[in-house]
Amino acid sequence: MIRPPGTAGALAALYGLEPVPLYSAGAGVYDDIAQIDRAEIGDVLRLAQRVGGPVLELACGSGRVTLPLLARGHRVVALDNSAALLRLLSDRLPDVSGARLVEADMTSFELDETFGLVVLAATSVCLLDARQRAAVFERVRAHLAADGLFYVSVLDLADRLRAARPVERTSVLVGPGGVTSLFQRFDGRRGVRTTSVLHESVVDGVTADRAMYLSEINMVGSDELVRELGAAGFEVLERRSGPAGEQVQVQLVCGRR
Ligand SMILES: C[S@@+](CC[C@H](N)C(=O)[O-])C[C@H]1O[C@@H](n2cnc3c(N)ncnc32)[C@H](O)[C@@H]1O
């Protein structure tokens, strides 16, 4: 397990916390954060409406995007390598739904059908290194219908976040059950952003429990990703950037070249 850097590292040492991976041991905390994020859902729904046919959603998590797709009547194969997040999604599926949940690695999966739309949302492609990204693109191509579309989102970072000297950004979410503090540390020399999540449960005004979760992404920007997609046999048909800021989400819609 990676060590939390910067302020989060100091807090982990102070409280004697042993950080654990966000998407497995911290699935419930990740899910709470994901519930308030509506980004991309409308765009993915519009694409699914346009292409018809089944949807393959890679790195589906607890279903932030999967559940709205199912609610619109699409058949969805939802794949993730976190059993804990897939369990949360499974518990939320309606009695009758067009969902098939698959626990697998998105860089090496094999399914017995092709899809009109493959979705890799929430900038999850940045969780992978260059070799793994080439592998996932190869798998997507193998599972894409001839005229199918591949939707992938990526993060463009401001130059000051990519500098050799690490930079930190902190945000705090306060909910009825406690406080979740997110520490993002950008290390341009290593080319990674580490997110440390300190979750403190509060009962009757007193901290009842404290845990820390970690996840790390690679600083791959949209230009680099477009080059990699081209090398993998994809053509970028649409490219949209989110609101200006230090971290801008870029959405790419690709077809076969
Ligand atoms: C940022 S979350 C996105 C989850 C979901 N798409 C959403 O929008 O909330 C990243 C997801 O990628 C999954 N993941 C990470 N590496 C993976 C891999 N190699 N194969 C499959 N899933 C992976 C994690 O378990 C997690 O659910």
Side-chain angles (χ1 to χ4, degrees), residues 1-2 19-45 47-48 55-71 74 76-93 99-111 115 117-140 142-143 150-155 157 171 173 180 182 184 192-197 213-220 225 242 247 249-252:
M1 185 71 208
I2 47 171
V20 289
L22 179 62
Y23 299 125
S24 46
V29 171
Y30 173 73
D31 181 56
D32 284 346
I33 299 169
Q35 293 297 321
I36 52 178
D37 181 5
R38 307 302 298 162
E40 300 174 274
I41 294 173
D43 298 293
V44 172
L45 289 177
L47 275 178
V55 179
L56 169 61
E57 192 196 353
L58 301 176
C60 63
S62 51
R64 192 182 70 86
V65 178
T66 325
L67 292 166
L69 280 166
L70 292 169
H74 297 288
V76 184
V77 174
L79 179 149
D80 203 284
N81 68 352
S82 164
L85 284 169
L86 286 174
R87 219 171 299 121
L88 287 172
L89 171 53
S90 174
D91 288 346
R92 290 182 186 139
L93 291 178
R100 175 181 163 199
L101 307 191
V102 177
E103 185 183 338
D105 190 316
M106 63 176 141
T107 65
S108 59
F109 66 92
E110 182 71 60
L111 300 169
F115 299 85
L117 177 64
V118 179
V119 174
L120 179 51
T123 71
S124 304
V125 74
C126 304
L127 291 163
L128 307 175
D129 64 24
R131 193 180 46 79
Q132 293 170 319
R133 294 194 296 273
V136 79
F137 296 155
E138 187 277 324
R139 288 293 74 204
V140 170
H143 290 83
F150 174 35
Y151 169 95
V152 56
S153 60
V154 63
L155 210 52
L157 300 178
S171 45
L173 309 170
T180 305
L182 287 98
Q184 292 189 327
V192 297
R193 183 194 79 185
T194 308
T195 301
S196 311
V197 180
Y213 307 97
L214 282 185
S215 117
E216 194 166 83
I217 64 164
N218 296 282
M219 290 183 175
V220 53
L225 204 73
Q247 303 188 58
Q249 193 193 65
V250 179
Q251 306 182 340
L252 303 171

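Just so you know, ligand 1 is whichever comes first in the structure, and atom 1 is the first atom listed for that ligand. Throughout, numbering of the chain's residues begins at 1 and tracks the sequence. Because the structure is predicted, anything quoted here is derived from the model rather than measured.
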A.B. asks: With distance as the sole criterion, is a donor-acceptor pair present between the side chains of Glu57 and Thr66 under 3.5 Å?
C.D. replies: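 Yes - a donor-acceptor pair under 3.5 Å links their side chains.
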
A.B. asks: Ignoring hydrogens, what is the shortest heavy-atom contact between Ala59 and Leu120? Give both atom names and the distance.
C.D. replies: CB-CD1, 3.9 Å

A.B. asks: Run the side chain to side chain contact (heavy atoms under 4.5 Å, CB included) test on Ser196 and Tyr213 for me, step by step, so that the C-alpha distance in whole Å, both residues' side-chain angles and the decisive distance to 0.1 Å come before the verdict.
C.D. replies: CA-CA 6 Å; Ser196 311; Tyr213 307 97; over 6 Å; no

A.B. asks: When you compare the side chains of Gln184 and Thr194, does any donor N or O come within less than 3.5 Å of an acceptor on the partner?
C.D. replies: no

A.B. asks: Between Ser153 and Glu40, does a side-chain hydrogen bond (donor to acceptor under 3.5 Å, both in side chains) hold up when you go through it step by step?
C.D. replies: CA-CA 9 Å; Ser153 60; Glu40 300 174 274; 2.8 Å; yes

A.B. asks: For the residue pair His143 and Phe115, does the interplanar ring angle fall in the parallel (under 30°), tilted (30 to 60°) or perpendicular (over 60°) class?
C.D. replies: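 Judged by the thresholds at 30° and 60°, the geometry between His143 and Phe115 is tilted.
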
A.B. asks: Quick one: ligand 1 N/O to protein N/O pairs below 3.5 Å?
C.D. replies:
from     : atom 1 : to     : atom 2 : distance (Å)
ligand 1 : 6 (N)  : Ala59  : O      : 2.7
ligand 1 : 8 (O)  : Arg64  : NE     : 2.8
ligand 1 : 8 (O)  : Arg64  : NH2    : 3.2
ligand 1 : 9 (O)  : Tyr30  : OH     : 2.9
ligand 1 : 9 (O)  : Arg64  : NE     : 3.2
ligand 1 : 14 (N) : Asn81  : OD1    : 3.4
ligand 1 : 19 (N) : Asp105 : OD1    : 3.1
ligand 1 : 20 (N) : Met106 : N      : 2.8
ligand 1 : 22 (N) : Asn81  : N      : 3.3
ligand 1 : 22 (N) : Asn81  : OD1    : 3.4
ligand 1 : 25 (O) : Asp80  : OD1    : 2.6
ligand 1 : 27 (O) : Asp80  : OD1    : 3.4
ligand 1 : 27 (O) : Asp80  : OD2    : 2.7

